[in-house]
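Everything on this sheet refers to the single structure shown next.
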Amino acid sequence: MNIFEEVESNVRSYCRSFPDTFLSAKGSIIKAASGKPYIDFFAGAGALNYGHNHEHIKRRLIEYIESDGIIHSLDMYTVAKEQFLHSFRLTTLNKLNYPYKVQFCGPTGTNAVEAAIKLARKVTKRAGIFAFMGSFHGMSLGSLSITSNNYHRQAAGIPLSNVTFIPYPGDIYDINSIDYIEKILQDDHSGVDKPAAIVVETIQAEGGINIAPIDWLQALSEICKKHEILLICDEVQVGCGRTGSFFSFEEAGIVPDLVILSKSISGYGLPMALLLIKEQYDIWAPGEHNGTFRGNQLAFVAATAALELWDSKQFQEVARENSSLIKTVFEKKFVTLDPEIQVRGKGMIWGIDFSGIPIKEIAYEVRDICFSNGLIVECVGRKDTVVKILPPLTIEQGVLRQGLEILADSIKMALK
Ligand code: PMP
């Protein structure tokens with residue numbers, strides 16, 4: 001087999017950013033077919049918070065398969081589904097006193113985003129959605145319509161409508177977006193109708209690790225309540241413990257009307273996407289929103305095992321120590337490499353912003369040097385000028401240190 005011919009016939013572009021062929025993976029190490037190991041600071045863009053092939057989750061999956069547990073059941077009620085719902089309630093929703101019902105929307109994040117937009121429109125009988133500049137919500141038509149990047153949007157081939165984009169805190173427009181929303185909603189001449197929903201990421205991950213301040217999230221929640229607009233929080237990339245708490249909005253003390261979860265919820269990289277719906281908005285009639293592969297049984301089994309890990313003190317301790325190490329290295333070491341380097345992050349999601357450095361495509365250069373040195377990172381943000389890292393929360397400290405050293409050396413080489 002000529003692997004590179006095969007790569008040419010693959011329409012996805014990831015293989016070209018990471019020019020190798022991967023064979024196996026364990027924890028935070030991926031191995032290429034050649035045997036070369038790579039430290040994985042990409043973790044499936046946040047789908048692998050528990051790392052690759054976590055022993056506890058793997059064992060549960062093997063036991064389930066060996067017992068001929070039902071794999072595909074469409075919408076039938078199953079023991080695996082019941083067990084997942086039970087532990088999801090116990091370990092997250094009930095503990096936090098969150099009044100959500102759970103809808104399975106899978107297989108992937110964009111499906112749950114679509115469901116959220118559709119439900120918000122049905123609840124409010126309004127069409128418009130407010131989203132934020134710098135947002136990323138997926139590639140299908142509804143989720144793409146609330147994604148701001150024009151490169152992605154133009155791929156739809158048609159104008160994407162019914163969405164008003166609002167500046168995100170800290171971005172280049174530098175306005176108070178809460179006041180702006182209030183003004184356009186009250187101004188008869190703004191030409192903007194009251195929307196069904198406002199969709200927000202607490203940290204714009206693909207957008208460049210832009211972090212919404214807590215008081216801004218609280219004000220957004222208040223303005224939504226005041227105007228009876230649904231607040232939708234897209235937790236696809238930063239949920240499931242990535243920022244330190246299970247839901248990234250916990251710290252703000254807000255309770256969004258709808259919450260979208262995917263990526264790491266299954267804990268093993270298996271496709272799974274959920275929409276959490278406040279009880280009063282559970283208004284779908286039977287059959288109004290369904291699909292063949294929503295609620296994959298293996299994903300339920302893996303997710304239940306992952307929640308057991310999440311709920312353990314030991315797991316949380318490891319994640320806390322890892323995030324404190326990254327914070328120290330980013331804030332004390334990386335910023336000293338060049339006065340124009342900026343760092344931003346929280347928990348186990350961090351970015352190094354090279355936009356102030358006048359070297360063409362330096363972020364790509366850093367990513368590529370990292371890759372040849374055995375570390376996988378990705379570029380995000382406006383013009384891809386931010387190097388993003390999202391190691392598994394479970395990464396061993398020694399491997400984390402080694403990865404951060406490769407990153408520091410690669411930045412130094414790219415700056416030369
Ligand atoms: N929302 C956010 C915040 C995301 O980061 C992503 C994927 N990167 C999506 C939605 C779409 O998820 P998927 O690729 O699984 O459709």
Side-chain angles (χ1 to χ4, degrees), residues 11-14 17 41-49 103-118 120 129 131-149 151-153 155-156 160 163 165 168 197-212 217 231-243 247-249 256 258-276 291 293-296 299 302-303 345-351 376-382 384 386 388-390:
V11 293
R12 292 199 59 168
S13 56
Y14 280 145
S17 317
F41 273 13
F42 182 42
L48 293 162
N49 284 3
Q103 176 169 24
F104 300 107
C105 303
T108 187
T110 194
N111 301 119
V113 176
E114 297 287 338
I117 296 173
K118 180 170 154 185
I129 307 283
F132 291 95
M133 297 177 188
S135 60
F136 184 90
H137 298 288
M139 291 276 173
S140 52
L141 280 176
S143 62
L144 187 60
S145 73
I146 55 169
T147 292
S148 72
N149 183 323
Y151 175 76
H152 293 316
R153 293 172 70 77
L160 297 164
V163 177
F165 285 99
Y168 194 75
I198 301 184
V199 189
V200 69
E201 297 158 87
T202 61
I203 299 178
Q204 292 182 329
E206 299 302 318
I209 321 297
N210 309 316
I211 305 175
L217 288 169
L231 178 62
I232 303 177
C233 191
D234 181 341
E235 289 275 278
V236 168
Q237 191 155 161
V238 297
C240 302
R242 178 57 58 186
T243 61
F247 296 103
S248 70
F249 53 80
L258 304 177
V259 177
I260 301 156
L261 276 180
S262 185
K263 290 204 194 269
S264 272
I265 184 66
S266 82
Y268 206 72
L270 292 168
M272 184 169 184
L274 307 181
L275 181 63
L276 308 185
F293 286 110
R294 54 184 212 143
N296 176 288
K346 197 173 199 176
M348 295 288 280
I349 175 164
W350 283 79
I376 301 179
V377 295
E378 190 44 306
C379 296
V380 292
R382 270 198 166 77
D384 276 352
V386 178
K388 172 178 83 166
I389 72 153
L390 313 94

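Computed from heavy atoms alone, side chains included, the values below leave out hydrogens, waters and symmetry copies. For ligands, and for the atoms within them, numbers begin at 1 and follow the listed sequence. Count residues from 1 along the sequence.
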- Qualifying residues under side-chain contact (heavy atoms from CB on, under 4.5 Å), relative to Ala115, sequence neighbours excluded: Cys105, Leu275, His289
- Task: Salt-bridge test for Glu206 and Lys388: reply yes if a basic N is under 4.0 Å from a carboxylate O, no otherwise.
- Result: yes
- Query: Are Ser143 and Thr110 close enough that a side-chain donor and a side-chain acceptor fall under 3.5 Å?
  - Reply: yes
- Pairwise distance CG(Leu160) to CG(Leu144) - rounded to 0.5 angstrom: 5.0 Å
- Could you please provide the protein residues found below 4.0 Å of ligand 1 on a heavy-atom basis, arranged by chain and number? Thr108, Gly109, Thr110, Phe136, His137, Gly138, Glu201, Glu206, Asp234, Val236, Gln237, Lys263
- Query: If only atom types and distance count, is the side chain of Asn210 paired as donor or acceptor with the main-chain N or O of Gly134 below 3.5 Å?
  - Reply: no
- Item | Any side-chain heavy-atom pair of Asn296 and Pro107 under 4.5 Å | no
